[in-house]
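Below: the structure, in structure tokens.
Just the heavy atoms: all of them, side chains too, but no hydrogens, waters or symmetry mates, feed the values below. Throughout, a chain's letter reflects where its sequence line sits, starting with A, and its residues are numbered from 1.
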Amino acid sequence: VILAAHEERMVVVSDLHLGNPASNTGSTFRSFLDYVGTKGFALCLNGDAVEMLQTLFSHLIREVLPLMTQISRLRREGRSVYYAVGNHDIYLEHFLDEWLGTTVCPFLNVTSGGKRIRVEHGHLYDPFFARSPAVYESLTRLGGHLLLMCPQGHRVPPSTSNDSDGRHRSSEVSSVALHHHRAAEAVLRRGFDVVIHGHTHQKESVVLRDGLYVNSGTWMRGTYVEIDHGLVQLKQWVDR
Amino acid sequence: VGRLSSAKLAQLNERECSYGDGQYLFREGETGTEMFVIQQGQVLVTRKAGEEQISLATLGRGDFLGEMALLEGLPRDANARAVEPTRVLAMGQGGLLMRIRRDPTFAMELLHCLSGRIRQLNATVSRLTEEVHLTQKDHA
């Protein structure tokens, strides 16, 4: 099982939900991958990239096949592609090592510019998932049927809790975010500098007691995290 | 106890300790009830072999040590000495269990680390066995 990697430059993207009836991100993601290849970044798909619980098969084929081609090209060009497992693609836990040309891992400890950075989807710190994973999965599947009828109904968290750069105003931290902050604190205490999560769909960048916590938000809103020689920044993709 | 939150309970079983260059975290044969995660600095692990102290490993940021005494309840198997100003997170049995519940990736990293150490030991045993066989052959 791969748990660690040394990559000076990497982009981290989470929650693409490719194949979800509500996801319409495939084409922008393809232009993003062109940028990743040109600039020489390694790529980490930080969970829920491929939808497996709320899949619409035709969406899945339309969005994943071109992605596979591009990932193969990135690999041929010598770029590393990692896939940290999330909760909507949890079946990938059975394919740790290799899947679709990516290195599949439960989480990834990245070293860049001498910094220790933990990249993890973060569903383990969702109190609902942690308490009853089976119920969580059943309800998520049920939600998938509803999404077929009403794709706009995909859970979109309020964006008012973040400034444009994702920094919280202290009085507006949601309880879900707090669970992630606590989990990040626990990891930071073990000698990490930065913790990167996804899962909540809420982009944020918060300085905690022992380091930085960044949530990449969801690619459905075009947010991602860039790591460059130890510098970690939350960014917004603008299609070029 | 009823009023203590799980976070506060975890803090009771986890503490940060600092060591100066040359200070020992623990010594071989001591009773140990804590394991350590290095937050900053470097630690040299040595063990007595005959009259000599042999160096087993130099550990750095994020590495674990002292887990054997904690897991097995046996005396420390080696010496651990800071070789520069070092800060560690020390945890007892309760702290370890609490941490695994709150940070499940810690268990995975610990297993990964122990597996790597067993692999290293196997390689060392193989090499030493080969050397002994060669020496015996030479003597014969």
Side-chain angles (χ1 to χ4, degrees), chain A residues 1-6 46-47 84-87 90 93 96-97 104-127 129-131 133 178-197 208-211 213 230, chain B residues 5-19 25 34-43 59-67 82 84-91 94-119:
Chain A
V1 180
I2 303 288
L3 297 182
H6 175 82
N46 190 19
V85 179
N87 52 307
I90 202 158
E93 283 184 343
L96 292 179
D97 276 357
V104 183
C105 48
F107 56 88
L108 194 64
N109 295 338
V110 181
T111 48
S112 166
K115 302 278 184 191
R116 298 185 76 233
I117 302 162
R118 159 61 67 84
V119 182
E120 187 180 359
H121 183 63
H123 55 292
L124 298 177
Y125 315 112
D126 179 329
F129 181 87
R131 238 186 343 258
L178 273 178
H179 283 283
H180 284 262
H181 293 181
R182 274 191 215 123
E185 279 281 20
V187 172
L188 289 168
R189 283 192 93 195
R190 291 205 273 118
F192 284 88
D193 298 289
V194 184
V195 171
I196 301 172
H197 284 178
L208 301 174
R209 197 198 79 149
D210 292 307
Y213 166 72
Chain B
S5 69
S6 60
K8 280 182 184 150
L9 274 172
Q11 278 166 14
L12 283 178
N13 279 296
E14 260 187 19
R15 61 196 178 92
E16 287 178 6
C17 318
S18 294
Y19 296 87
L25 281 76
E34 286 179 318
M35 67 170 287
F36 306 90
V37 183
I38 301 172
Q39 292 180 320
Q40 222 160 34
Q42 280 198 325
V43 175
L59 304 175
R61 204 164 172 219
D63 285 334
F64 310 105
L65 70 154
E67 73 285 346
E84 59 182 77
T86 297
R87 200 180 67 228
V88 297
L89 183 67
M91 61 185 90
L96 173 66
L97 293 174
M98 180 76 81
R99 178 162 275 276
I100 288 172
R101 279 198 294 274
R102 292 170 59 84
D103 171 14
T105 61
F106 180 71
M108 189 69 189
E109 282 185 72
L110 190 56
L111 284 173
H112 207 264
C113 165
L114 291 175
S115 171
R117 286 180 192 170
I118 292 169
R119 182 178 298 277

Do any N or O atoms from the side chain of B:Gln40 and from the backbone of A:Gly191 form a donor-acceptor pair under 3.5 angstrom?
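Side chain of B:Gln40 to backbone of A:Gly191, a donor-acceptor pair under 3.5 Å: no, none is there.
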
By a 4.5 Å heavy-atom criterion (distance strictly below it), what part of B:Leu89 contacts chain A: side chain, backbone, both, or neither?
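Contact with chain A is through the side chain of B:Leu89 alone.
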
Using side chain to side chain contact (heavy atoms under 4.5 Å, CB included), reason through A:Thr111 and B:Arg61 one step at a time and then give a plain yes or no.
CA-CA 11 Å; A:Thr111 48; B:Arg61 204 164 172 219; over 6 Å; no

Who are the side-chain hydrogen bond (donor to acceptor under 3.5 Å, both in side chains) partners of A:His180, not counting sequence neighbours?
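side-chain hydrogen bond (donor to acceptor under 3.5 Å, both in side chains) check on A:His180 returns A:His197.
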
For the [atom1] atom of [X] and the [atom2] atom of [Y], what is their distance to the nearest 0.5 Å?
{"X": "A:Arg182", "Y": "B:Arg102", "atom1": "CZ", "atom2": "CZ", "answer": "7.0 Å"}
{"X": "B:Asp103", "Y": "A:Arg118", "atom1": "CG", "atom2": "CZ", "answer": "6.5 Å"}
{"X": "A:Arg190", "Y": "B:Glu14", "atom1": "CZ", "atom2": "CD", "answer": "9.5 Å"}

Is it true that the side chains of A:Asn109 and B:Glu109 contain a donor and an acceptor less than 3.5 Å apart?
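Note: A:Asn109 and B:Glu109 side chains meet the donor-acceptor criterion.
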
Atom CG of B:Leu110: over 12 foreign heavy atoms under 6.0 Å
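Yes, the 6.0 Å shell around CG holds more than 12 heavy atoms from other groups.
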
Should the heavy atoms of other residues, nucleotides or ligands under 6.0 Å from CZ of B:Arg119 be counted, would the total exceed 12?
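It does not: B:Arg119 CZ has 12 such atoms or fewer within range.
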
May I have the step-by-step check of side chain to side chain contact (heavy atoms under 4.5 Å, CB included) for B:Gln39 and A:Asp210, ending in yes or no?
CA-CA 10 Å; B:Gln39 292 180 320; A:Asp210 292 307; 5.6 Å; no

Contacting region of A:Tyr125 [heavy-atom separation from chain B under 4.5 Å]:
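Interface part for A:Tyr125: side chain.
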
If every non-hydrogen atom of B:Pro104 is compared with every non-hydrogen atom of A:Leu124, which pair is closest and at what distance?
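Closest approach of B:Pro104 to A:Leu124: CG-CD1, 4.0 Å.
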
Salt bridge (Lys or Arg N to Asp or Glu O under 4.0 Å) against A:Glu185, all qualifying residues, sequence neighbours excluded
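Result, salt bridge (Lys or Arg N to Asp or Glu O under 4.0 Å) vs A:Glu185: none returned.
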
